[in-house]
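Structure, as C-alpha cells:
In the text below, chain A, chain B and the rest are named by the order of the sequence lines, each starting its count at 1.
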Protein chains: 2
Amino acid sequence: MSLPHAILTALLEKPSSGLELTRRFDRSIGYFWSATHQQIYRELGKLEAEGLIRALPSEQPARGQKKSYEVLPAGRAELARWTATAQDPKPHRDALLLRLRAAAVVGTAGLGAELERHLDLHERQLAEYLEIERRDFPPGRNRPEDRLRHLVLRAGIDLETFWIQWLRHALEEFSELPGDGPR
Amino acid sequence: MSLPHAILTALLEKPSSGLELTRRFDRSIGYFWSATHQQIYRELGKLEAEGLIRALPSEQPARGQKKSYEVLPAGRAELARWTATAQDPKPHRDALLLRLRAAAVVGTAGLGAELERHLDLHERQLAEYLEIERRDFPPGRNRPEDRLRHLVLRAGIDLETFWIQWLRHALEEFSELPGDGPR
DNA sequence: TCTTACATGTAAGTAGTTACATGATTGA
DNA sequence: TCAATCATGTAACTACTTACATGTAAGA
C-alpha cells in the first residue's frame, strides 16, 4: 500500500494535477516508485473520497479541464503514521537473473545481446541520475531535507553502478563460456 | 509473466511437487523470484493444462497426496523462447526509499529504528548467501552451468552488500540530523 | 486419540498493466 | 478544419496477497 503514500508525498512537496504527477513519477519519484497515469487518477479519486486530499478550488471539475490537488491535515497525518510504521522489505523479483538461471538449463542463446542492451540502459540511467545530482545537489548547500533527498538519489546512483559492474562481469563470463547449446 | 518460467526452470533442474517447489522458492530461487504456495499450485495447474508440464505417473492424484511434475518438450521450448526474448527491466519499487523521501516532508520520527532493523535483515541475508556460496561454489569447480548460477548468486551477494553500505551511510546522516519534527 | 507436519487446494480482495474513450486547447 | 498536445478518465485483465479449507501420515 505505497502508491497513495507516494502521491501524498509528491503533493506535499508541491500541489499538482494528475498529469503533472504522472510526469513527476516518470522523473524523480520514478527512481524508486513508478506509476502510470491510470493508477494515479484512480488513486487521486480514492484519496479525495477518504478526505486525505482535496481539489484546489477555482478549478472547474470538467473532463479535459485541469484539476489540481492539495493534501489535507488528515492526509499529512496518515503519511506521518505510515512513514514511522515498521515494514519488512519486499523480496526482489528480477527477470534478468531468472533468465540467467534458466539459461544454465536451456542454453544461453540470445542472452549475451540482452546483457549488452541492459548494460546500455543502466548506463543511460546512471548518467541521468548524475546529471540530476549535479543540478540539484551542488556541493555546499546543506539543508536537512536536501540531505535526505540526496541520500535517496545516492541509492539510485549506487544501484545503477552496481548493475553496470555486475553486467560487465557477466559479459566477461559469457565470453569465456562455450557455445549456445543446452547444457 | 515470469512465474511460469521460474517454475519451468526449477522443474527442469529437478522434478518436484508443489510443496517442494514452495520450499525451493523460499531458498535459492527466492533470492531473485519469490512465490507463495498458492501462486505455485495455481500456476502448476495452468502449465499442466497448457501441456508444458505433466504429473509424474505412479502418483495418485488425490487431495493430501503428493503430486510431482516434470517438464515436457513443449515446456522446455517455451522456456528457451522466453529466455532469448528481449525484455526491458521493470522499474524498481522500494518502499524504504519512498519513506525516506516522505520523511523529508513529514519528519523522521521512527525511521532511524527502521533503518537499523533493515540493516540487520540485510546482514542476515548476506550471511546466508555467503554460506550458500561457500557450500555450493568452492574454488576449483568450473562447470559452465555452475559459473552461470554462481553469477546469479553473486548478484544477490553484491546487492545485499550495497544495501548494507547504503544503510550504514544513511544512519550516519541521520545521527547528524536535527530532531524529528516536520521540516 | 490428539497433535504436528505434510500436502494440496479455493476464495476473496488488492495492486498493477494494457487498451481504449472523451473532451479542451493551440497552432499550422 | 485538421492535427497535435494537453488532460482526465473507464474497462478489462493479469498478478499477487491474505485468509481459509481439506485431507493424509506419523508419532506421542
Side-chain angles (χ1 to χ4, degrees), chain A residues 1-8 11 15-27 29-30 32-50 53-56 58-69 82 87-95 98, chain B residues 1-8 10-11 15-26 29-30 32-50 53-56 58-69 82 87-95 98:
Chain A
M1 271 249 307
S2 301
L3 177 59
H5 303 98
I7 291 177
L8 288 172
L11 287 181
S16 305
S17 67
L19 192 62
E20 282 161 359
L21 279 176
T22 303
R23 295 227 174 82
R24 293 174 62 198
F25 271 82
D26 283 344
R27 309 172 91 257
I29 300 173
F32 53 86
W33 207 272
S34 66
T36 62
H37 80 273
Q38 292 92 336
Q39 277 180 284
I40 289 168
Y41 284 116
R42 201 183 328 125
E43 202 63 46
L44 283 171
K46 278 194 213 171
L47 289 169
E48 190 177 24
E50 289 165 3
I53 64 174
R54 69 164 181 183
L56 286 181
S58 87
E59 328 246 3
Q60 61 272 58
R63 200 174 185 124
Q65 292 297 309
K66 192 166 113 165
K67 196 163 127 197
S68 289
Y69 294 89
W82 177 80
Q87 294 168 54
D88 284 341
K90 283 268 156 75
H92 5 102
R93 294 200 163 127
D94 190 294
L98 184 54
Chain B
M1 270 249 304
S2 300
L3 177 59
H5 302 99
I7 291 177
L8 287 172
L11 288 180
S16 305
S17 68
L19 192 62
E20 283 160 358
L21 280 176
T22 302
R23 295 225 175 83
R24 294 173 61 197
F25 271 82
D26 282 344
I29 299 172
F32 53 87
W33 207 271
S34 65
T36 62
H37 79 273
Q38 292 92 335
Q39 278 179 284
I40 288 168
Y41 283 116
R42 203 183 328 125
E43 201 62 48
L44 283 172
K46 277 194 215 172
L47 289 169
E48 190 177 23
E50 289 166 3
I53 64 174
R54 67 164 182 182
L56 287 181
S58 86
E59 329 246 2
Q60 62 272 56
R63 202 175 182 121
Q65 292 297 310
K66 192 165 113 166
K67 197 163 124 196
S68 290
Y69 294 88
W82 177 80
Q87 295 167 53
D88 283 341
K90 282 268 156 76
H92 5 100
R93 292 199 165 128
D94 190 296
L98 185 53

Measure from CD1 on A/I7 to P on D/dT8 and round the result to the nearest Å. 13 Å
Can you list the residues that meet the salt bridge (Lys or Arg N to Asp or Glu O under 4.0 Å) rule with A/E43, with sequence neighbours excluded? none
Hey, is the side chain of B/K67 poking within less than 4.0 Å of OP1 or OP2 on C/dG9, counting only N and O atoms? yes
A/P15 to A/E20 - nearest heavy-atom pair and separation: O-OE1, 4.4 Å
Without hydrogens or angle criteria, can the side chains of A/S16 and A/R24 be said to hold a donor-acceptor pair below 3.5 Å? yes
Closest non-hydrogen atom pair, B/W33 against A/A95: CZ3-N, 3.8 Å
Going by side chain to side chain contact (heavy atoms under 4.5 Å, CB included), B/L47 matches just one of B/L11, B/L3, B/I7. Which one? B/I7
Distance in angstrom units between A/K66 NZ and C/dT26 C1', rounded: 16 Å
From CA spacing to verdict: side-chain contact (heavy atoms from CB on, under 4.5 Å), A/F25, A/I40: CA-CA 9 Å; A/F25 271 82; A/I40 289 168; 3.8 Å; yes
Round to a whole Å and report the spacing from CG of A/L21 to P of D/dG9. 12 Å
In whole angstroms, how far is the P atom of C/dT10 from the CG atom of B/L44? 12 Å
Could you tell me the separation between the OH atom of B/Y41 and the P atom of C/dT8, rounded to a whole number of Å? 3 Å
So if I take the C1' atoms of five pairs at each end of the helix from C/dT1-D/dA28 to C/dA28-D/dT1 and get each local axis, what angle do the two axes make, rounded to 10 degrees? 0°
Closest approach of A/M1 to A/W82 (non-hydrogen atoms, all atoms of both residues): O-NE1, 3.9 Å
Listing time: all N or O pairs from protein to nucleotides 15-18 of chain D that are below 3.5 Å?
residue	atom	partner	partner atom	Å
D/dC16	OP2	B/Q39	NE2	3.4
D/dT17	OP2	A/R93	NH2	3.4
D/dT17	OP2	B/Q39	OE1	3.4
D/dT17	O4	B/R42	NH2	3.0

Expressed as a whole number of angstroms, how long is the span from A/E20:CD to D/dA7:C1'? 10 Å
Rounded to the nearest angstrom, tell me the gap between atom NE2 in A/H37 and atom C1' in C/dT22. 12 Å
With no hydrogens and no angle check, is any side-chain donor or acceptor of A/R93 less than 3.5 Å from a backbone partner on B/S34? yes
Is a side-chain N or O of B/T22 found less than 3.5 angstrom from the main chain of B/G18, in a donor-acceptor match? yes
